[in-house]
Student: 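Take this structure first; my questions come after.
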There are 2 protein chains.
Amino acid sequence: MRKLKTERQPEILDAALAIADEHGIDALTMRAVAERIGVTPMAIYGYFRNKNELLDGLVGRLLTSLPQGLPGESWDQRLSAFAWATRRLAREHPGVFPLLFARPSVTPDAVAVVDLIYQALIDAGVPDAEVPRIERLITTFVLGFATSEANGRFSASGDGIRSRRARGDFPAHQRLMAHLDSPADLDAEFAADLADLVRIIRPV
Amino acid sequence: MRKLKTERQPEILDAALAIADEHGIDALTMRAVAERIGVTPMAIYGYFRNKNELLDGLVGRLLTSLPQGLPGESWDQRLSAFAWATRRLAREHPGVFPLLFARPSVTPDAVAVVDLIYQALIDAGVPDAEVPRIERLITTFVLGFATSEANGRFSASGDGIRSRRARGDFPAHQRLMAHLDSPADLDAEFAADLADLVRIIRPV
DNA sequence: ACCTGAACACCGTTCAAGT
DNA sequence: ACCTGAACACCGTTCAAGT
């Protein structure tokens, strides 16, 4: 368990994030990161024990870039700010964002975000015993929505379907045909979803 | 665009799924699959154009194993059956399951599942124009919950936090300390979440 | 204290050949 | 029609050495 250097960690994470943003997550290799900061691949191992820890560092970087939550705002303003900021993050870093789902994130950064949501729910009047569950419910949805968008799960309907739909194999699709022109306005949809979720919280 | 053989595709997918289940997704290599069915790595390429298409096949396999929805059941029974079956799938195949989030799945298998949920929502009285949004809301949550569980996002709290919590850096955590002993009963939590989501649907 | 160079055990995938 | 063998261009990571 060697002690890690920290000096150039931010520089390395910057490089890694830039590579993933520009060329996709598959292009994020130790060798590519090294080349980008003008160093031999092995130099990276002085700062991160292995590639997995570098990815953990990337997750931490994403989390710290979320808003800290100004104390003056109301609970639903704070919740909403978190949700929209998370979604914006996914759009800015679609390659890296899905890692948030994969990595437990028990880092201080992650706990800080959770603490913010806990506080918002407490302020909303959610009973203490219910707060952790509702927090998981909300972050699961928000993370899931943002990840779906980043991965193209909501678009991509395309052609093959349309014909099959017409063939009548899927009766509900046929009936809803007028409303299936791909989720045109995801901003509006996300807003409506959040409103629905807040309705869960309110009278809990 | 060579024509692919189909005969041994199921056999190959079986092998791939078994490897991922037994040794994790990282152990799922073309070479390992080939060895498992007693063939050279290159033989696989007669059945799947590349590794990505093999993974798509795996996603299809997971989707077809979901229940088809008996017509005799009520809409909330059908919705509930889908949700619990999805979660069970994630527990049986934690390594492969997260692929469902990554791959758009516009395959017939995926559309069939969506059609089932559409129908349940229609039967629940959700207005046609709202059905696709509510479907995405629900599947996003269910997929997100199951993926979180498969990836250990809900457990894994552990030690580092506990001390930090005690240090008082996170006030909401401190207040809720009695309720943070890791999400003990995820079955009950999932049930409560589903009940909350159904309350969204009911009076839409 | 920080970085390099060479090497190892793997990958996915190509191409040409074998039966 | 189906599969094999050898090879290529990559990976992450080790170990020992260089300044």
Student: Tell me which nucleotide among C:dT14, D:dG12, C:dG12 gets nearest to the side chain of B:Tyr45.
Tutor: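 The answer is C:dG12.
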Student: In whole angstrom, give the distance that lies between atom CD1 of A:Ile44 and atom P of D:dC11.
Tutor: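 Computing the A:Ile44:CD1 to D:dC11:P distance gives 13 Å.
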Student: Please determine, for the side chain of A:Ala43, which listed nucleotide (D:dT4, D:dT13, C:dC3) has the closest atom?
Tutor: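 Closest nucleotide to the A:Ala43 side chain: C:dC3.
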Student: Taking CZ from B:Phe48 and C1' from C:dG12, how many angstroms apart are they, rounded to a whole number?
Tutor: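 Distance, rounded to whole Å: 16 Å.
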Student: Once you round it to whole Å, what is the distance between C1' of C:dG12 and CG of B:Asp26?
Tutor: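 Rounded to whole Å, this separation is 15 Å.
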Student: Return the value, rounded to whole Å, for the distance between atom CD of B:Glu53 and atom C1' of C:dG12.
Tutor: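 These atoms are roughly 14 Å apart.
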Student: Taking only the side-chain heavy atoms of B:Met42 (C-beta and beyond), determine which of C:dC11, C:dC15, D:dT13 contains the nearest atom.
Tutor: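 Taking heavy atoms from C-beta onward, the closest nucleotide is C:dC15.
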Student: Quick one: look up who C:dT19 pairs with, Watson-Crick or G-U, both distances under 3.5 Å, and put none if it's unpaired.
Tutor: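 Because both required distances fall under 3.5 Å, C:dT19 counts as paired with D:dA1.
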Student: Of the listed nucleotides (C:dC2, D:dC3, C:dG12), which one gets closest to any side-chain atom of A:Lys5?
Tutor: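 The answer is C:dC2.
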Student: Please check the phosphate of D:dC3 (OP1 and OP2 only) for any side-chain N or O of B:Arg8 closer than 4.0 Å.
Tutor: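 Checking B:Arg8 against D:dC3: at least one side-chain N or O falls below 4.0 Å of OP1 or OP2.
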Student: Side chain of B:Val39 only, heavy atoms from C-beta on: which candidate in D:dC11, C:dT13, D:dT4 is closest?
Tutor: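 When the side chain of B:Val39 is considered, D:dT4 is the closest of D:dC11, C:dT13, D:dT4.
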Student: Looking at D:dG12, which nucleotide sits across from it as a Watson-Crick or G-U wobble partner, both distances under 3.5 angstrom, or is there none?
Tutor: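 The answer is C:dC8, by the H-bond criterion.
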Student: Please state how far atom CG in B:Asn52 lies from atom P in C:dC11, giving the value in whole angstrom units.
Tutor: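 Nearest whole value for this atom pair: 17 Å.
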Student: Testing the basics here: between A:Ile201 and A:Leu121, what is the closest heavy-atom pair and its distance to 0.1 Å?
Tutor: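 For A:Ile201 versus A:Leu121, the nearest heavy atoms are CD1-CD2, 3.7 Å.
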Student: Enter the distance from A:Leu143:CG to A:Arg136:CZ here, rounded to the nearest 0.5 Å.
Tutor: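 Output value for this atom pair is 14.0 Å.
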Student: Please check if any side-chain donor atom of A:Ser74 sits under 3.5 Å from a side-chain acceptor atom of A:Gln77, or the reverse.
Tutor: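 Side-chain D/A pair, A:Ser74 to A:Gln77: present.
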Student: Please report, rounded to the nearest Å, how far the P atom of C:dT14 is from the CZ atom of B:Arg49.
Tutor: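 The answer, rounded to whole Å, is 11 Å.
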Student: So, B:Asp123 versus B:Gln119: side-chain donor-acceptor pair below 3.5 Å or not?
Tutor: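 A pair is found: one side chain offers a donor N or O, the other an acceptor, under 3.5 Å apart.
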Student: From CG of B:Leu55 over to P of C:dT13, roughly how many Å is that when rounded to an integer?
Tutor: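 Between P of C:dT13 and CG of B:Leu55: 10 Å.
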Student: Figure out the NZ/P separation between A:Lys3 and C:dC2, and round it to whole Å.
Tutor: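 Roughly 11 Å, once rounded to whole Å.
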Student: For B:Tyr47, which contact category applies under a 4.0 Å heavy-atom criterion: base, sugar-phosphate, or nothing?
Tutor: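 Counting heavy atoms under 4.0 Å across all strands, the contact made by B:Tyr47 is with sugar-phosphate only.
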Student: Starting the side chain at C-beta, find the nucleotide from D:dT13, C:dT13, D:dT14 nearest to A:Met30.
Tutor: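 Nearest to the side chain of A:Met30 among the choices is D:dT13.
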Student: Consider side-chain contact (heavy atoms from CB on, under 4.5 Å). Of A:Leu17, A:Leu55, A:Asp21, which one does A:Leu28 pass it with?
Tutor: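 One option only clears the test, and that one is A:Leu55.
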